[in-house]
Amino acid sequence: MKPNTVTIRDREIEVCSHGECMGPRVWDYATCWKHLKDGERSAVRGRLSDALRKGQGLARIVLSGADLSEFDFSGADLSNAHLDHCKLRKARFVEANLRYSYLGWADLEGADLTRAELHGCVFTNSNLKHVTLMGYSLSYGRIPVNLRSDLFGAGGPFSRPQIDESDPHTAEASYRALKRYFIAEADIDSASWASYCEKVMQRKCLWDKRSLRWVVSVFMAMCCGYGEKPLRVIASAASVVLAFGVIYKFLQCVAVGNIPLGWLQSIYFSFATISGFSFPDVVPLPNSFVRLLIASEAFLGILLLGLFVFTLTKRFVAR
Ligand SMILES: [Zn+2]
């Protein structure tokens, strides 16, 4: 005998009447979403719209697995609702009440959660790529559950998970709220991601304002990824070594016994300088500009070392 109810997230839900199916019953139907008849399935949207228009609350509604892409839930009371495994691409939840609702495994790509109440809303393994959050959604102690940076899309070498960034000002506020959330959750990797995205949004705002601080922001992004990307410090150091090597070779200004260094030797000399070595047999030709050049490379080396330690610490330890 199959049981009458199934327990999902501490809630007993009647099971689908179809055969041995143990799926949860959808709304007031007798079966799960998969076993609804085609007519019933297509009627769900209309019935939902009617209910919303009449102001009926949808609290505790079970819609597990439903395809409700682009559906407009704005202002709806969906507290304690089960929306897990739903297709909700580009759905609108503006000002919706999603308190303690279950959105695990739901596909919310591009959904609009502006000012939605997300307290206790569960996002386990849902897809939140390009979602519109607005800072408000996560502020005022409205704490969602099981958020992680990778829910916002996959990060590759040239891409990062992201929310809707069409308005950098609101996206910045959302990322800041996310950062606060992740720090409170002690999720260092996700906090680092949110912090980095927040700075990227700041840079876009600075560009819009034609502010000079944009240049500083670009510089910080390149040399250390705003203190979140230690590899960028190493890449910067490598670029400095190469650039100075080329300059030494080009100016023919460093020599061993009056013979200027070749390409490889120049780069090696540059590498040694940035690392703080010195070679008594390699001498700069008597020219104060060249001495200044070598000294500045050594100084850059110290700065980059400091930056590297700072970035490593910030990224992996200090939050
Ligand atoms: Zn079923």
Exactly one candidate in Arg47, Arg53, Lys54 meets side-chain hydrogen bond (donor to acceptor under 3.5 Å, both in side chains) with Asp50; the answer is Arg53
Do the charged groups of Glu185 and Arg180 touch, with an N to O distance under 4.0 Å? no
Self-check item: Donor-acceptor under 3.5 Å (Ser17 side chain, Ala30 main chain)
Solution: yes
query: Is the charged tip of Arg203 near the ring of Trp207: under 6.0 Å from the six-membered ring centre and within 45° of its axis?
result: no
*Does Arg89 come within less than 4.0 Å of Glu70, counting only side-chain N to carboxylate O?*
no
Is there a salt bridge (Lys or Arg N to Asp or Glu O under 4.0 Å) between Arg92 and Asp112? Walk through the geometry before answering. CA-CA 5 Å; Arg92 284 168 53 79; Asp112 189 351; 3.6 Å; yes
Point to revise | Shared hydrophobic cluster, Ile234 / Ile274 (ILVMFWY, side-chain heavy atoms < 4.5 Å) | key: yes
*Side-chain donor-acceptor pair present, Glu297, Ser270, cut-off under 3.5 Å*: yes
Asp84 side-chain N/O to Cys86 backbone N/O, donor-acceptor pair under 3.5 Å:
no
### Query
Would you call the rings of Tyr29 and Trp27 parallel, tilted or perpendicular, where under 30° means parallel and over 60° means perpendicular?
perpendicular
- prompt: Between Arg315 and Asp189, is there a side-chain N and carboxylate O pair less than 4.0 Å apart?
  reply: yes
- Query: Is there a side-chain contact between Thr170 and Thr132 (heavy atoms, below 4.5 Å)?
  - Reply: no
Which of Leu151, Thr124, Asn125 passes side-chain contact (heavy atoms from CB on, under 4.5 Å) with Asn146? Answer is Thr124
>> Just checking Phe71 against Phe73, ring centres under 6.0 Å apart?
In response: yes
| query | Going by atom types only, do Glu109 and Asn127 share a side-chain donor-acceptor pair under 3.5 Å? | reply | yes
Separation between OH (Tyr175) and CD1 (Ile163), nearest 0.5 Å, reads 4.5 Å
(message) Can you tell me if Asn4 has over 12 outside heavy atoms packed within less than 6.0 Å of its CG?
(response) no
Of all heavy-atom pairs linking Gly225 and Tyr196, the shortest is O-CD1, 3.4 Å
Same cluster (ILVMFWY, side-chain, under 4.5 Å), Ile13 and Met22: yes
Check your understanding: Ignoring hydrogens and geometry, is there a side-chain-to-backbone donor-acceptor pair from Lys2 to Gly19 under 3.5 Å?
Key -> yes
Can you confirm whether the side chains of Ser217 and Tyr226 place a donor and an acceptor under 3.5 Å from each other? yes
### Message
Hydrogens and angles aside, do Ser195 and Glu228 bring a side-chain donor and acceptor to less than 3.5 Å of each other?
### Response
yes
